[in-house]
Amino acid sequence: MRLSDYFLPTLKEAPREAEIVSHRLMLRAGMIKQQAAGIYSWLPLGLKVMRKVEQIVREEQNRAGAVEVLMPTIQSADLWRESGRYDDYGKEMLRIEDRHERPMLFGPTNEEMITDIFRSYVRSYKDLPLNLYHIQWKFRDEVRPRFGVMRGREFLMKDAYSFDIDEASSRAAYYRMFVSYLRTFDRLGVTAIPMRADTGPIGGDLSHEFLILADTGESEVFCHANMLSRAVPGSDVDYSNDALIAGIVEDWTSGYARTDEMHDNELWQEVAEDDRVQARGIEVGHIFHFGTKYSEPMGAKVAGPDGKDVPVQMGSYGIGPSRVVAALIEASHDDAGIIWPASVAPFDVSLINLRQGDEATDAACVTLHGDLMTSGLDVLYDDTDNRAGGKFALADLIGVPWQLIVGPRGLKEGKVELKNRASGEREEISMESARNVLETWRVDMRARYGG
RNA sequence: CGGGGCAUGGCGCAGUCUGGUAGCGCACCUGGUUUGGGACCAGGGGGUCGCAAGUUCGAAUCUUGCUGCCCCGACCA
């Protein structure tokens, strides 16, 4: 992509209202535009990153056996009356009326609707287990939206719902999602720690929040140091092996890891002092089992092996891709801008032409641009006639993994400069070597994060 | 929902106290000189000063009401 053909409205100074670093950087890098409190347009660069996040989430859901559907954003109030939540949900639910004065609502979540889909079609335990998910915009009329897309009113959420005949198989379904979340966040290039969460009235141990550590996180977290470096299951993990999956969850939940809400000081004291990590975290995922909370009142029943109907056991599993984008920035940036994990970077390479209009430099850039694209690399070619400093600043700001810098001075020696955004390392090498380094990186990256 | 703050070209701000018809930096347009870490010179375009009433000869400025947005706290993917 040539920058001169792209739409990348960057800002030198962030608007005053943006306080936290991810919000400031998203505005400055031209990723989002605020339209109202907690409501944003996604501009090309931001959309590109969010789509990559979404795709990784999707692939890992599919791998774990979940099946994608798409439910509407607008729902009828009737369904919510069945579960009793139409009255319970309160002002956070955006209620609207259609032209026939029928009460509708903009969905804050989809338990009711998915339960309705399930009960419409599934009659037998033989069709279980079943896990349906979708990735759709939600609206929650937060009292105080803040921090940009981190706590917006409108946000994108992947929500999966599992259906099982009994508690044991529901637990297995929960564990599969647990493991798929480990893999998802690993592929997103970030360490997300599962933490025991409040299960509410259902009780039990089946609710976890996944938190990314970042100084600006909203929750205080306490965990054992070894939670930060545990090996994540590979893409070949066998989701059909319940014992194996349970073992992974067992391993990941054996160490102490809790948010301030669930913190237990007595247990905390049992952790060796050197192993205690106290930090701040951003909640990016939440999974829980809720049994028959919706299936019972809504009549989602299936026939068991004995021919008798039983209400189905359910769980739900959420990840907010729009929030994840901001959380990744919170977790990875420096004074100059964003430092994207390779797997979600909007481009792989910023190709910087230091002297637009110079015949040899232009030609070298066009050649490199074509070659890199042929190698499967996504390149943003800065072909504008801005000065070098401005181009460097822009490349640093948008944070793509590599900067390939081409100018007449280097070209005289047959050299270009390759800079790694994360490490800051740079080297002057031949065009051929630069292509090789980038090609090798792409292959490694695909192997590491490609799933 | 309690507490605090802000609203003036696209962005950042000054001007408001003490009323006299709007200014600076960046960005943008034209021309020229430049070009390896956010250039320089010259010229230029763009603002019903959040909205509505009121006071006044005259309101960005004073008064009243409203709206929007942000921050802190209680709640949430």
Side-chain angles (χ1 to χ4, degrees), chain A residues 9-20 23-24 27-28 30 33-39 53 57 89-93 107-111 133 135-160 181 192 197-198 200 207-212 218-219 259 261 281-288 316-327 336-337 352-358 361 382 384-397 403 405-413 415-417 419 424 426 428:
Chain A
T10 55
L11 300 171
K12 244 183 198 173
E13 295 172 279
R16 181 182 37 183
E17 65 266 15
E19 203 82 349
I20 66 165
H23 191 195
R24 296 178 62 84
L27 290 168
R28 286 192 49 213
K33 167 168 169 44
Q34 180 168 11
Q35 304 291 173
I39 299 177
V53 170
V57 169
Y89 219 95
K91 291 187 128 178
E92 222 172 274
M93 182 153 76
T109 176
N110 288 67
E111 279 86 1
Y133 75 98
I135 301 174
Q136 178 63 289
W137 293 92
K138 306 293 189 288
F139 195 93
R140 292 184 191 171
D141 202 356
E142 297 268 351
V143 196
R144 176 149 111 81
R146 64 187 119 168
F147 306 147
V149 297
M150 189 86 84
R151 177 168 305 287
R153 290 193 291 173
E154 189 185 50
F155 59 98
L156 188 64
M157 182 159 85
K158 183 285 299 180
D159 38 327
Y181 274 35
D198 192 358
S207 181
H208 289 87
E209 295 176 344
F210 288 74
L211 288 103
I212 291 176
E218 291 186 83
S219 328
T259 63
E261 284 174 357
I282 301 165
E283 185 186 345
V284 285
H286 196 165
I287 61 179
F288 44 94
S316 79
Y317 315 90
I319 291 181
S322 50
R323 172 184 283 189
V324 165
V325 173
I352 297 175
N353 186 336
L354 291 177
R355 187 81 61 88
Q356 193 71 35
D358 176 87
T361 313
D382 191 341
T384 62
D385 52 13
N386 292 326
R387 300 171 68 80
K391 294 192 176 193
F392 291 135
L394 174 69
D396 283 346
L397 174 63
Q403 293 169 22
I405 300 154
V406 182
R409 213 164 71 193
L411 281 180
K412 272 186 201 143
E413 331 250 304
K415 297 282 175 76
V416 292
E417 186 178 331
K419 176 183 165 185
R426 59 184 81 199
E428 298 225 348

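So that the names make sense, note that chain A is the first sequence line, chain B the second, and so on, each numbered from 1.
Heavy atoms of A:K33 sit nowhere under 4.0 angstrom from any nucleic acid atom. Residue A:V284 is classed as a sugar-phosphate contact, given heavy-atom separations below 4.0 Å to backbone atoms only. A:A18 comes within 4.0 angstrom of nothing in the nucleic acid, heavy atoms only.
Between the CZ atom of A:R24 and the P atom of B:C71 there is a distance of 12 Å, given to the nearest Å. Rounded to whole Å, atom C1' of B:C70 lies 11 Å from atom CZ of A:F147. Nucleotide B:C69 holds its P atom 8 Å from the CD1 atom of A:I39, rounded to whole Å. With rounding to whole Å, A:R146 atom CZ is found 11 Å from B:C75 atom P. Rounded to an integer number of Å, the gap from CD of A:Q34 to P of B:A7 is 17 Å.
A salt bridge does not link A:D385 with A:R355: none of the charged nitrogens is closer than 4.0 Å to a carboxylate oxygen.
In this structure, A:F288 has its ring center closer than 6.0 angstrom to the ring center of A:H286.
With a cut-off of 3.5 Å on both pairing distances, the Watson-Crick or G-U wobble partner of B:C51 is B:G65.
Looking at residues two or more places apart in sequence or on another chain, you find no side chain to side chain donor-acceptor pair (under 3.5 Å) involving A:R146. Taking A:F139 as the reference, A:F106 meet the ring-ring contact (aromatic ring centres under 6.0 Å, His included) condition, with sequence neighbours excluded. Every residue two or more places apart in sequence or in another chain that forms a ring-ring contact (aromatic ring centres under 6.0 Å, His included) with A:Y89 is listed here: A:W80. In this structure A:R426 satisfies the side chain to side chain donor-acceptor pair (under 3.5 Å) test together with A:E417, sequence neighbours excluded.
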Indicate for each nucleotide in nucleotides 28-46 of chain B, in 5' to 3' sequence, whether protein heavy atoms under 4.0 Å reach the base (B), only the sugar-phosphate (S), or nothing (-). ------BSBBBB-------
Interface polar pairs with nucleotides 12-15 of chain B, N/O, under 3.5 angstrom:
| residue | atom | partner | partner atom | Å |
| --- | --- | --- | --- | --- |
| B:G12 | OP1 | A:R16 | N | 2.7 |
| B:G12 | O2' | A:E13 | OE2 | 3.2 |
| B:C13 | OP2 | A:R16 | NE | 3.4 |

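OP1 or OP2 of B:C70 has not a single side-chain nitrogen or oxygen of A:R144 nearer than 4.0 Å.
Counting heavy-atom neighbours within 6.0 Å of A:E261 CD, excluding the residue itself, gives a total of 12 or less.
Side chains of A:Q356 and A:D382: a donor-acceptor N/O pair is absent below 3.5 angstrom, by distance only.
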